[in-house]
Structures are given as structure tokens and as C-alpha cells.
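Each residue takes its place number in the sequence, starting with 1.
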Amino acid sequence: MISHDPQEQDRFPHNRQPMVRILAMPADTNPSGKIFGGWIMAQMDVAGGVLALEYAGGPVLTVAITSMNFHKPVYVGDLVSCFAQVQKTGKTSITVLVEVFTQRAHDGTLETAKVTEAVIVYVAVDNEGKPRPLPERGPDFGQYRS
């Protein structure tokens, strides 16, 4: 569920396991010196794809990004964490919410910000690349807790 409360929105989800965690590096910057949005999108697709692959029990393909919102910039040195959660499933498709948070060191503390979120749709495929039915999963699948 997407929170619209600014304080709640920036709270790092310590009760969930990130699918991807990576340090933003200088090679990933755009001409304005901030991290390129396409790099962030790629990390999000990987994170969502990991969860979709686990859910599908095999290969998946990205078929759509139904929404994407950038809230704040990402800077060199930020620790970028991508969290993924299954939103819904169909016969062959898995819709995943991916939320991205940054952690930035500042005066001995880590400042946290939610920087972007997207809803990405994946489809399970067989060895020929054709859609295949998803296996049965419980309602809590993908709800990682520490």
C-alpha cells in the first residue's frame, strides 16, 4: 500500500527484506550530477523480477510498467534499497509494487527517503517463451519478515 503521509512515506521498512541493495556510484549520474533515472528503473526491474521469478517458480518477462513516480533525487553515495511486494496475480501474470528508499550518511546518522515507486507486471514463461500458468501460492507469499 502506498502511503501519502510524508513522514510515513520516508520511513525505511526495517520489517521487510530488500530484493536489491546497491550503492549509487559516479558512473551512474546524469548531466546534472544526480543518479540517472534509467539506472534506478533498471534496479527496480531487477528487484521486481526477483520476486516474480520466485513466485512463478521459473522465468518471467517484464510486460508493463503500469505506474512510476519519482519523488526525490538519488545522489552518488546513497545506499539504494528496492523493496518488492506482490500486489496481485492472474493466470500467468504477477503485478509487483516496487518501492525504492535511499539511506544517506549525515552527521553520524542515516537519513532515509522514499525516492520512487512503480507497479510492474511480469508474465511467467515456459522454455519457448510462451506464457505459462502460475503455481498456487499462499496469500502471504513475498511478505518477507525479519
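In this structure, I120 and V98 have side chains that are in contact, with non-hydrogen atoms separated by less than 4.5 Å. Here the side chains of T92 and Y122 are not in contact, with every heavy-atom distance at 4.5 Å or above. Inter-residue side-chain proximity for Y55 and V50 is flagged as unmet; no heavy-atom pair is nearer than 4.5 Å. Side-chain contact between F36 and D28 is absent, with no heavy atoms from C-beta onward closer than 4.5 Å. Inter-residue side-chain proximity for E117 and M68 is flagged as unmet; no heavy-atom pair is nearer than 4.5 Å. Within the 4.5 Å cutoff, side-chain heavy atoms of P59 are placed close to those of R132. Using a 4.5 Å cut-off on side-chain heavy atoms (C-beta onward), L23 and D78 make no contact. Proximity of I94 to V86: side-chain heavy atoms (C-beta onward) are separated by under 4.5 Å at one or more points.
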Step by step, work out the side-chain contact (heavy atoms from CB on, under 4.5 Å) result for Q43 and V100.
CA-CA 9 Å; Q43 305 311 311; V100 180; over 6 Å; no
Report the C-alpha distance between V76 and I35 in whole Å, list the side-chain angles of each, state the deciding distance to 0.1 Å, and finish with yes or no for side-chain contact (heavy atoms from CB on, under 4.5 Å).
CA-CA 7 Å; V76 170; I35 298 301; 4.1 Å; yes
Run the side-chain contact (heavy atoms from CB on, under 4.5 Å) check on K114 and K72 step by step: do they pass?
CA-CA 7 Å; K114 183 176 180 180; K72 297 175 183 177; over 6 Å; no
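Hydrophobic clustering (ILVMFWY, side-chain heavy atoms < 4.5 Å, transitive): Y75 and L79 are in distinct clusters. One hydrophobic cluster, built from ILVMFWY side chains closer than 4.5 Å, holds both F70 and W39. Criterion: ILVMFWY side-chain heavy atoms under 4.5 Å apart, direct or through other members. Under it, L134 and V125 are not part of a common hydrophobic cluster. No continuous path of ILVMFWY side-chain contacts below 4.5 Å connects V123 to V119, so the two sit in separate hydrophobic clusters.
The line from CD of E111 to CZ of R104 is 6.5 Å long, rounded to the nearest 0.5 Å. Atoms CG and CG, from L61 and L53 in turn, are 11.0 Å apart once rounded to the nearest 0.5 Å. Taking CD from E54 and CE from M19, the interatomic distance works out to 5.0 Å, rounded to the nearest 0.5 Å. Taken to the nearest 0.5 Å, the CD atom of Q87 stands 4.5 Å off from the CG atom of L97. Taken from CG in D45 to SG in C82, the straight-line distance is 10.5 Å, to the nearest 0.5 Å. For the atom pair M44 CE and F83 CZ, the distance stands at 12.5 Å (nearest 0.5 Å).
Closest non-hydrogen pair, I65 versus M41, comes out as CD1-CE, 4.3 Å. For the residue pair A24 and V80, the shortest heavy atom distance occurs at CB-CG2, 4.2 Å. Across all non-hydrogen atoms, the minimal contact from P135 to A56 is CD-O, 3.5 Å. The two atoms that bring D126 and E128 nearest to each other are OD1-N, 2.9 Å, heavy atoms only. Across every non-hydrogen atom of V60 and G49, the tightest pair is CG2-O, 4.0 Å.
Looking at Q103 and R21, their side chains do bring a donor and an acceptor atom within 3.5 Å of each other.
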